[in-house]
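Notes follow the structure.
Numbering starts at 1 and runs along the sequence shown.
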Amino acid sequence: LTFLSTWTDDAPEPSVSETWLSSMTGSVTEIRSYMVLGEATAPGTYGLESMAIKRFIVALGLMALTAFPALAEPFRIVGFGDSLMAGYQLAPGEGFPEKLEAALKARGHDVVIANAGVSGDTTSGGLARLDWSVPDGTDLVILELGANDMLRGLSPQIAEQNLDAMIARLKERGMDVLLAGMMAAPNLGQAYGEAFNGLYPRLAQKHGIDLYPFFLEGVAADASLLLDDGMHPNATGVDRMVENALPYVERKITQAGGEG
């Protein structure tokens, strides 16, 4: 508040002129100072009149603090993955993190989602860049890696060890994790498929985190939802992925009390 008072010397009792409440800017800070100090700073206050003014200021302060509550921080999510997360060959705004953020906001959630996808990344590459790719203050990480390990025929055990280390490190930093699973291509053989496909449920159970079983659910086998390479989703395919993942992400927001 801007507290301006005019006192007259010739009146039988002091009075406050109608010149205050001229500005609401900075009001909460000044009101807090009045409440802490317990003093009105207008000149010439004394006696009962001074006490009445103090009480009024305190009452007005309480009303102002109620009217201007502190703004809640948005729920911060990082999509950490490979080209499936990065939005390979898609236009700006068509990637999974961007479309997921728009869908969550449309449903009333106050969220911010950062795209930390890197095309071609493996679990080893993800582990190497994890600390500087995921900033402090992140509430949830959608961890989507392993597809490139599988396509290169790399050891499922190595992928599991890398993902295990990433999950542990994120949890140590106080971040929740939604693990997005991947499925091995059939041409890699039954033994490889069983070892690779099983690593995601094992890690989710070990760390007590939620698992979204297959990041490309409903997309991988539908050519109309894929780019010409037959591997990456097109914009419509991303819409399907967001639709499928939305309940999992909303549950994490609700569990964290991060309703927007």
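- Between the Glu144 side chain and the Ala180 main chain, no donor and acceptor come within less than 3.5 Å of each other.
- Listed by chain and number, the residues in a ring-ring contact (aromatic ring centres under 6.0 Å, His included) with Tyr248 are Tyr212 (sequence neighbours excluded).
- Of the possible polar contacts, one joining the Asn148 side chain to the Asp121 backbone as a donor-acceptor pair under 3.5 Å is found.
- With sequence neighbours left out, the ring-ring contact (aromatic ring centres under 6.0 Å, His included) criterion links Phe80 to no other residue.
- Between the side chain of Asn197 and the backbone N or O of Ala184, at least one donor-acceptor pair lies under 3.5 Å.
- Val118 and Leu163 are not part of a single hydrophobic cluster, where members link through side-chain heavy atoms under 4.5 Å apart.
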Would Ile142 and Ile77 count as a side chain to side chain contact (heavy atoms under 4.5 Å, CB included) if you check the C-alpha gap in whole Å, the side-chain angles of each, and the deciding distance to 0.1 Å? CA-CA 7 Å; Ile142 303 174; Ile77 303 173; 4.0 Å; yes
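- The backbone N or O of Ser224 sits less than 3.5 Å from a side-chain atom of Asn234, completing a donor-acceptor pair.
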Determine, step by step, whether Arg202 and Glu160 satisfy the salt bridge (charged side-chain N to carboxylate O under 4.0 Å, His left out) criterion, reporting the C-alpha distance in whole Å, the side-chain angles of both residues, the deciding distance to 0.1 Å, and the verdict. CA-CA 9 Å; Arg202 283 195 298 272; Glu160 186 166 357; 2.8 Å; yes
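- Counting heavy atoms from C-beta on, the side chains of Ile113 and Leu104 come closer than 4.5 Å.
- The shortest distance between side-chain heavy atoms of Val249 and Leu100 falls below 4.5 Å.
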Going through the distances and angles, do Arg76 and Glu73 end up as a side chain to side chain contact (heavy atoms under 4.5 Å, CB included)? CA-CA 9 Å; Arg76 301 186 183 279; Glu73 288 290 321; 3.1 Å; yes
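- Counting heavy atoms from C-beta on, the side chains of Leu227 and Pro233 never come closer than 4.5 Å.
- For the 3.5 Å distance criterion, the side chains of Gln161 and Gln157 fail to qualify, holding no donor opposite an acceptor.
- Distance alone, capped at 3.5 Å, is enough to place a donor-acceptor pair between the Lys171 side chain and the His207 backbone.
- Side-chain contact between Pro74 and Val111: absent, with no pair of heavy atoms (C-beta onward) separated by less than 4.5 Å.
- Here the CZ-CG distance, from Arg152 to Leu188, works out to 13.5 Å after rounding to the nearest 0.5 Å.
- Defined by atom type and a distance below 3.5 Å, a donor-acceptor pair is missing between the side-chain atoms of Asp149 and Thr122.
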Begin with the C-alpha distance, continue with both residues' side-chain angles, and end with the deciding distance and a verdict on side chain to side chain contact (heavy atoms under 4.5 Å, CB included) for Leu178 and Leu143. CA-CA 6 Å; Leu178 174 60; Leu143 179 57; over 6 Å; no
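- There is a path of hydrophobic side-chain contacts, each under 4.5 Å, that joins Met231 to Phe196.
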For residues 81-91, please give each side-chain donor-acceptor pair under 3.5 Å, one per line with the distance, not counting sequence neighbours.
unit_1, atom_1, unit_2, atom_2, d
Asp82, OD1, Leu84, N, 3.1
Ser83, OG, His232, NE2, 2.8

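- Counting non-hydrogen atoms of neighbouring residues, nucleotides and ligands closer than 6.0 angstrom, the CZ atom of Arg129 exceeds 12 such neighbours.
- Within the 4.5 Å cutoff, no side-chain heavy atoms of Leu140 are placed close to those of Val177.
- A donor-acceptor pair is defined here as one N or O able to donate and one able to accept, closer than 3.5 Å; such a pair exists between the side chain of Thr138 and the backbone of Pro135.
- Between the CG atom in Leu199 and the CG atom in Asp164 there is a gap of 10.5 Å [rounded to 0.5 Å].
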Test log, rule ring-ring contact (aromatic ring centres under 6.0 Å, His included), inputs Phe214 and Tyr200: CA-CA 9 Å; Phe214 184 32; Tyr200 295 96; 9.6 Å; no
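- Of the possible polar contacts, one joining the Arg240 side chain to the Gly218 backbone as a donor-acceptor pair under 3.5 Å is found.
- Separation of atoms CG (Leu216) and CE (Met241) is listed at 5.0 Å; rounding is to 0.5 Å.
- Clustering ILVMFWY residues whenever any of their side-chain heavy atoms sit less than 4.5 angstrom apart, transitively, puts Val112 in a cluster other than the one holding Val78.
- Atom OH of Tyr192 sits about 7.0 Å away from atom OG of Ser155, to the nearest 0.5 Å.
- Both Leu225 and Leu246 belong to a single network of hydrophobic side chains, linked directly or stepwise wherever heavy atoms of I, L, V, M, F, W or Y lie under 4.5 Å apart.
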Given the rule in the side chain to side chain contact (heavy atoms under 4.5 Å, CB included) test, do His109 and Phe75 qualify, once you have shown the distances and angles that lead to the verdict? CA-CA 8 Å; His109 299 288; Phe75 190 79; over 6 Å; no
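- Side-chain contact check for Val238 versus Glu98: every heavy-atom pair is 4.5 Å or farther apart.
- The shortest distance between side-chain heavy atoms of Leu127 and Arg169 falls below 4.5 Å.
- With hydrogens and angles ignored, the 3.5 Å screen pairs a side-chain donor or acceptor of Arg173 with a backbone N or O of Val134.
- The structure places CG of Leu145 at 10.0 Å from CZ of Phe215, a figure rounded to the nearest 0.5 Å.
- Other residues, nucleotides and ligands contribute at most 12 non-hydrogen atoms within 6.0 Å of the CG atom of Asp228.
- Smallest separation of non-hydrogen atoms from Asn162 and Ser124: ND2-OG, 3.0 Å.
- Ionic pairing of Lys99 and Glu94 is not present here: no N-O contact between side-chain nitrogen and carboxylate oxygen is shorter than 4.0 angstrom.
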